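Since the model is a prediction, treat every value here as computed from it, not as a measurement. Within every chain, numbering begins at 1; the chains are lettered A, B, ... in the order of the sequence lines, protein sequences first and strands thereafter.
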Amino acid sequence: MIRFAALFDVLDRTTKTNAKVAALADYFREAPEPDRLWTIALLSGRRPKRAVNSTELRIWASEAAGIPLWLFEEAYPIVGDLSETISLILPPATRTADRPLADWIADLIALTGQPADVRQAAILDAWDRLTTPERFLFNKLITGGFRMGVSQGLMTRALSQATGIEETALAHRLMGDWTPTTTTYARLVQTNDPASEGSRPYPFALATALDDPEALGAPQEWLAEWKWDGIRGQLIKRPGAFALWSRGEELITDRFPEFAPLADFLPEGTVIDGEVLAWGDNAPLPFAQLQKRIGRLNVPKKLLTEAPAHMLAYDLLEQDGEDLRPLPLSDRRARLDALIAGLPQLPLAISPAVSFDAWPALAGLRETARDRGAEGLMVKRLAAPYHVGRKRGDWWKWKLDPYTVDCVMIYAQSGSGRRATLFTDFTFAVKDGDDLVPFTKAYSGLTDAEFGEITNWVKRNTLEKFGPVRRVPPVQVFEIAFEGIQASSRHKSGIALRFPRMSRWRRDKPVSEIDTLDNLRALLP
Amino acid sequence: MGARFTGPKIAATARFLGSGPGQTASYLSDMVLSFTDRGIFCEAGGFFIDPWRPVDKALITHGHSDHARAGHRRYMATEAAAPAIRHRLGVKVDTVAFGEVRRIGGADVSFHPAGHVPGSAQIRVEVAGEVWVVSGDYKTEPDGLSEPFEPVRCHAFISECTFGLPVFNWQPQAAIMAQINAWWAANAAEGRVSVIGAYSLGKAQRILANVDPIGPILTHGAVEATNRVLREQGLRLPDTTWAGPDVGVTPGALVVAPPSALGTPWASRFGPSAQAFASGWMALRGVRRRRGLSQGFVMSDHADWRGLNDAICATGAERVFVTHGYTAPFRRWLADQGYDAGVVETEYEGDDAEDIEVIE
Ligand SMILES: [Zn+2]
Ligand SMILES: [Zn+2]
């Protein structure tokens, strides 16, 4: 674990991509194979089953530190990270043990389902054998949410440097629903067995935000299509396998039983990239309808009829078992068209191309996106292959300008982690007659300097403290940008926003001029 | 009288005190010191301690800007603290030796080492047998430069608690200095300059006095000015060179600068550099990351959790007022330990976005 802690330390201290990749590559060359496998797993969002809940951790840690739980709870928001708080309050370890990462994790996994006293004894014993940086990581293994400042792409690059295996091949091998308990490092990384592909998806190609379409050159070199507001997915039909993967590499086949008939009609060796949408009268329903189905393993009949799923296909990645990704988009689209045209009536259609001959005309069409249930446009180079991940230049997303609302801050809360000493999480209100109605929270969009300034102000103008939350006088006006709005019975305001963030600090605007709840209601679909 | 002082009550106390001497005596029978909107006040002696609004007579614990402010008519501080105060404020300062007792009005006053920075003092005030001590800023670990902290027995102790949470636990100075030495050596071996951010009165000299001088040491103007003041009063520091405009690329050097200089063009004048900040706040990963620092050294001139608890215990005080830091949880913790504990809202904490620098 000391080697793993040293790796984390390097990754945590540098912002330089090359330094991170080099440190990881070294680790992948030197660490024991089971540790490498777990590191790959952690960096691709896989974590051991949770053996201990965070309440237990807090209680055991404060007992070990000889402080009351309330004092632990006071310190936690200051530190901003549970694992770090625990690592800092514990008395120094009395023993040392440089055990491999994989062994510590194996111990943790073995603890699941054990009685509380057994788990407590094991965790206290571990804490007493780990240095402060190791404890921090050990706690992170328990609580999950492991972030090491390294994307899966960088991790794949480092692994490629360490093994000499091509990045795209590795990226593909690391996809799917493997866990370190179901495979080995050698099997995952080093075997190249097409038969083992099974239901494994391809890495998704991603787009970059577009500012200036004119810079893209001749319009006829580009395909425009709607950017649908659903769940990006990959539909896979291979011998013995039928699967739907989300972009987050989650297997969601069973959540959408509507697609089951596709298994009978899609030819073997087919992989389609598309968008899963809740489908109404020949048009997508708002995202909120689809959201009701996310996270449900068993979909009630009512939802199946109210919000049936439908896929709009963007791309064809594999046909007859052949990887089509190197082909130009124009070829892949032609094959996709032909494939879908040959199918009977199924919840699968091609996402139509938006035809245009000049960029200003496309800009005009983009303005109609919301009416069509889309978030904007995608613009893709017809000659481009299907890239792994985000590669700037060939795929662009041209989203609609967000909605905005002017509102006033009424509560402030300190941030976590990097922002623990700043007030960064704010609650905002709009006017409703003479009242102020809280309607959203937002915690991003300001510069560090602005967060510093508002933190200063909050500290000097606190009316009341509730734990980490401070009530402040309704004085500071902000413009909040958001992507969508829905009616919501769970919120006092009756509305819920999608992706709210602070777009401007309106120091120029008095509170008397902020928006009203009616202004917001008028935006409801 | 309740031990807890909140904003409105301070104002009330201040007005009450202003309404005429003599009448307050019975009301504030055991209050050697009271808390007013101008600062900590001694009615019997007619003086304030570290006041933040202009007063007639100010007793100053040490030269940091949140404790020694401009605008008072008369200043008193220790002989070792006075030069820095004079240098920064350009005022006349009456000096007193550590341990020397002065009679001021009806109060006996003495200054005792706080171990925070050279000359820093706790101020002991005795009125009719009742003893109160104002800690100022303090740390309990000797730093090889400041007069080491001495516990002072008292009935009531007004303690800072900048790091009054159990997550703040310092390693011994030797361990931190070993980290700094190793960091400088590694940077020098790679031809880089090591720029360390340290508060220019106290922390900077503490590092200078303890570092292994393996190469040239450059200083920012603010640090060098303080060095000069402290050298003149007899403190021994290694040779340093003011990094004036004609000092250019100096591979292998250690540059000591105020924290605000980190990440500025000034700090990159000396060639490719590694930059680090020496502060108790560096114990928190979030703070280090927010400041975009690859390296932080957890070194503070304030007491850590254990230091605060030990110091308070050593005073033998039954009554403790906390200020300057995580006052609310620390007060509650002390009350749980059986102390009659209160919070004093002071303006010592530059409790804002720059507090990392101001508070030291
Ligand atoms: Zn201070
Ligand atoms: Zn100070």
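- The minimum heavy-atom distance linking A:P68 with B:D336 is given by the pair CG-OD2, 4.3 Å.
- Atom CD of B:E318 has 12 or fewer heavy atoms from other residues, nucleotides or ligands within 6.0 Å.
- In this structure, B:W333 and A:W70 approach most closely via the heavy-atom pair N-CH2, 3.4 Å.
- A heavy-atom distance below 4.5 Å is found between the side chains of A:L88 and B:L284.
- The contact between B:R332 and chain A is made by backbone and side chain atoms together, counting heavy-atom distances below 4.5 Å.
- The backbone N or O of A:I89 lies less than 3.5 Å from no partner atom in the side chain of B:N169, so there is not a single donor-acceptor pair.
- Under the salt bridge (charged side-chain N to carboxylate O under 4.0 Å, His left out) criterion, A:R504 pairs with A:E479, sequence neighbours left out.
- With a 4.5 Å cut-off on non-hydrogen atoms, A:T14 does not touch chain B at all.
- How far CD1 of A:I78 is from CZ of B:F168: 7.5 Å, rounded to the nearest 0.5 Å.
- Using a 4.5 Å cut-off between heavy atoms, A:A75 contacts chain B through both its backbone and its side chain.
- Between B:Q295 and A:R13, the shortest heavy-atom contact is CA-NH1, 3.5 Å.
- With a threshold of 4.5 angstrom between heavy atoms, A:Y76 does not approach chain B through any atom at all.
- For the pair A:D12/B:R288, a side-chain contact is recorded, criterion being any heavy-atom separation below 4.5 Å from C-beta on.
- The shortest heavy-atom contact between A:L71 and B:P329 is CD1-CB, 4.1 Å.
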